[in-house]
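Remarks on the structure that follows.
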Amino acid sequence: MGFSWRNRSAIAVLLVGFALAFDFSVVAISIQSYWHIVAPDKSSLFGFVFGCYDLTQFLFTPLFAFLSDKYGLRITILISLVFNIAGNIIYSFALYAGTNTSSNSQTLGTYEMIIVGRLIAGIGSASLALGVVYFTKITTIAERMSAIGFYRIAQTLARTMGPFSTFALEGLNFQLVTDSQLLFNFYTIPGWMAVGISLVALIVFFIFFENPDNAPAAGVLSATPFVRSRAPNLLYHVGVLCTVQFVITFILMSTYSQLFGIAAAEYHMIGNASDIWLSYLAVGVAAGTAFDFWRRFRNFINDYTFVLYAIGSGALSCIFFIDYRTPPPQALFYVASSFLGIGIALYFANMEAFYTKKMTQYSAEAGRNFNFFTALHAAISALGRFVGPLIFSAAIFIEQSDPSACNPLFNYYRAYDEGSTYIDGALAADGLCTTDSVCLLMFPLEFYTNACSLPQITPWMAILAAVLLGVILFLKLYYLPLHSKHQIEMINMDPLEGNDKVLMHQKLLAEGDAATVYAENRPAEIESKPL
């Protein structure tokens with residue numbers, strides 16, 4: 001089958017990956033203020049609210065991998081898209097369902113629906129790992145880097161497009177008075193956008209996708225039993241690479257999740273709503289540039305070298321985010337976030353390709369659990385995206401030298417009385433919202449950040465930079481030399497190329513002792529040499 005832009009199934013999987021990644025990012029800007037107006041007394045829960053999407057992705061990825069092993073990729077991914085659409089619909093109804101415009105209540109929305117919506121949408125995103133499984137099944141080792149690279153780059157671009165899409169909503173009317181305004185506004189339209197793109201992905205996937213399970217390798221591998229005692233190599237590489245994946249994802253995505261807070265509180269770049277997009281400008285441009293570089297040179301630079309470059313770029317990002325003076329020059333923010341964008345774009349595309357090559361190399365040890373072990377790496381990545389922002393938001397918090405001049409979550413209210421008269425004002429606490437009026441939260445027009453600071457940013461970023469440099473040393477001095485020493489050349493033995501000796505070899509594995517058969521019947525053309 002192989003990877004080709006003419007392969008309609010592959011294009012459908014790329015679209016699914018783009019849609020689910022866009023869902024994650026399109027709410028990135030508005031969800032913090034959305035939560036603030038619906039649950040102003042529960043601000044300590046925001047770290048969980050932001051990361052719960054990835055929590056359910058982590059929890060359900062192994063289940064979806066198991067279901068795909070049993071019932072196939074097609075039905076499993078379709079079910080996941082239905083979950084994602086349903087979750088975003090619930091998220092978008094949170095303001096409408098909990099607001100009574102006919103009463104004098106100042107309560108807006110229901111925070112439970114925000115949480116439930118993100119949890120259910122996250123269940124749907126668990127199928128992101130199945131895209132990796134799909135490309136692993138249809139590609140040869142030689143094609144793997146490009147196929148999975150494009151799959152991950154599509155998601156990276158979606159994560160940078162999301163905030164820019166939200167910025168385009170700034171000019172809309174954000175009064176929260178009528179039912180239609182409660183359904184479609186700055187806070188809920190991102191959820192509806194995610195519904196629309198996921199619905200398109202579902203339709204395209206339903207029409208064009210075909211299961212790859214009829215490929216020669218699939219039937220043989222699915223019959224091979226997995227036995228822990230016979231899979232020492234597989235378990236070693238899974239353990240090392242999943243640990244590295246968690247650490248790097250934790251660092252890169254925790255920093256990404258707080259770009260708005262860093263730009264506003266530390267660099268004082270955000271003065272009003274129209275400035276929000278500046279937080280993500282350099283990340284998006286750098287990620288696109290890194291993608292173009294990868295596209296041009298992927299045939300000359302191997303995947304694990306790209307991984308080292310990406311981790312090094314992440315370390316440079318942390319170093320440039322260190323506060324050398326207060327306030328730091330804004331140019332440093334753009335430099336630091338550029339390195340962050342490069343690191344995110346290159347790391348996830350190439351580490352996934354490297355990992356799946358290991359899964360192919362030890363597919364005989366994985367046996368019928370091949371999908372599970374392949375998807376496990378993506379599940380660990382989701383765990384890092386949940387834990388990272390959760391801890392970062394607790395460790396890095398805004399301090400106010402002057403509360404009146406530091407209010408990055410400033411919101412604009414209007415009091416609406418029975419005579420349909422609007423009284424402009426800042427906060428409900430100013431007395432504009434009385435028992436005879438309804439306090440209506442408007443779009444946050446201004447942000448007061450000149451007296452804000454993030455004093456914890458310097459030690460935090462220094463620690464993260466040191467950890468990233470330590471990971472580079474571990475990979476460079478220990479893991480990669482071991483990988484090169486024991487790497488088996490797989491290009492000429494790929495079962496998708498119709499190598500009869502390999503198919504016979506895998507059949508023997510399915511019928512007998514895997515370790516013994518592998519040692520005694522390995523085809524002669526498989527050589528032990530580095531890729």
- Message: With a 4.5 Å cut-off on side-chain heavy atoms, are Y334 and M269 touching?
- Response: yes
- Message: Please determine whether a side-chain nitrogen of the Lys or Arg among R118 and D54 lies less than 4.0 Å from a carboxylate oxygen of the Asp or Glu.
- Response: no
- Message: Name the residue from S381, S125, S127 that meets the side chain to side chain donor-acceptor pair (under 3.5 Å) definition with Q57.
- Response: S125
- Message: I want to check something: taking the side chain as every heavy atom from C-beta on, are I89 and F93 in contact at a cut-off of under 4.5 Å?
- Response: yes
- Any side-chain heavy-atom pair of Y256 and Y280 under 4.5 Å: yes
- Message: Walk me through whether I115 and F48 qualify under side chain to side chain contact (heavy atoms under 4.5 Å, CB included).
- Response: CA-CA 9 Å; I115 296 177; F48 173 80; 4.1 Å; yes
- Which atom pair, heavy atoms only, marks the closest approach of L119 to C52? CD2-CB, 3.6 Å
- Item | Where M359 and F373 come nearest, the two heavy atoms and their spacing | SD-CB, 3.9 Å
- Residue pair I342 / A290: nearest heavy atoms and the distance that separates them: CA-CB, 4.1 Å
- d(L383 CG, Q245 CD) to nearest 0.5 Å is 11.0 Å
- Hey, is the main chain of A286 close enough, under 3.5 Å, to the side chain of S338 for a donor-acceptor pair? no
- Item | Student check: side-chain heavy atoms of F348 and L252 closer than 4.5 Å | yes
- Message: So if I apply the ring pair (Phe, Tyr, Trp, His ring centres under 6.0 Å) rule between Y134 and each of Y151, F209, F205, which one comes out positive?
- Response: F209
- Item | D23 side chain vs A194 backbone, donor-acceptor pair below 3.5 Å | no
- Query: Can any side-chain N or O of T56 pair as donor or acceptor with the backbone N or O of Y53 at less than 3.5 Å?
  - Reply: yes
- Message: Contact between L259 and L340 at the side-chain level, heavy atoms closer than 4.5 Å - yes or no?
- Response: yes
- Between F64 and F83, how do the two ring planes meet: parallel, tilted or perpendicular, split at 30° and 60°? tilted
- Quick one: does S317's side chain have a donor or acceptor within less than 3.5 Å of a partner on F339's backbone? no
- Side-chain donor or acceptor of N84 paired with backbone N/O of S80 under 3.5 Å: no
- Interatomic distance, CD1@I311 vs CG@L346, rounded to 0.5 Å, equals 11.0 Å
- Non-hydrogen atoms of G124 and L20 that approach each other most closely: O-CD1, 3.9 Å
- Query: Can you find a pair of side-chain heavy atoms, one from R385 and one from F50, that are under 4.5 Å apart?
  - Reply: no
- Task: Mind running side chain to side chain contact (heavy atoms under 4.5 Å, CB included) on V244 and M351 for me, showing each step along the way?
- Result: CA-CA 10 Å; V244 171; M351 176 55 96; 3.9 Å; yes
- Query: Does the pair L128 and T61 meet the rule for a side chain to side chain contact (heavy atoms under 4.5 Å, CB included), with working shown?
  - Reply: CA-CA 8 Å; L128 280 171; T61 293; over 6 Å; no
- Item | Between CE on residue M461 and OG1 on residue T255, distance to nearest 0.5 Å | 4.0 Å
- Does the separation of the ring centres of W460 and F321 fall below 6.0 angstrom? no
- Between the side chain of S198 and the main-chain N/O of V195, is any donor-acceptor distance below 3.5 Å? no
- Query: Closest heavy-atom contact between C318 and L468?
  - Reply: SG-CD1, 4.1 Å
- Message: Around atom CZ of F66, are there more than 12 heavy atoms from other residues, nucleotides or ligands closer than 6.0 Å?
- Response: no
- Task: Applying side chain to side chain contact (heavy atoms under 4.5 Å, CB included), run through T76 and K70 and close with a yes or a no.
- Result: CA-CA 10 Å; T76 307; K70 189 173 181 63; over 6 Å; no
- How far apart are the closest heavy atoms of R152 and A378, and which atoms are they? NH2-CB, 4.0 Å
- Can you check whether F386 reaches M253 side chain to side chain, under 4.5 Å on heavy atoms? no
- Kindly indicate whether the side chain of L202, heavy atoms from C-beta on, has any atom under 4.5 Å from the side chain of V82. yes
- In this structure, OG of S146 is separated from CD1 of I153 (nearest 0.5 Å) by 11.0 Å
- Assess the pair Y91 and W192: is the distance between their ring centroids shorter than 6.0 Å? no
- From I11 CD1 over to F150 CZ, what is the distance, rounded to the nearest 0.5 angstrom? 10.0 Å
- Query: Can you tell me how far CG of L55 sits from CG of L390, rounded to the nearest 0.5 angstrom?
  - Reply: 9.5 Å
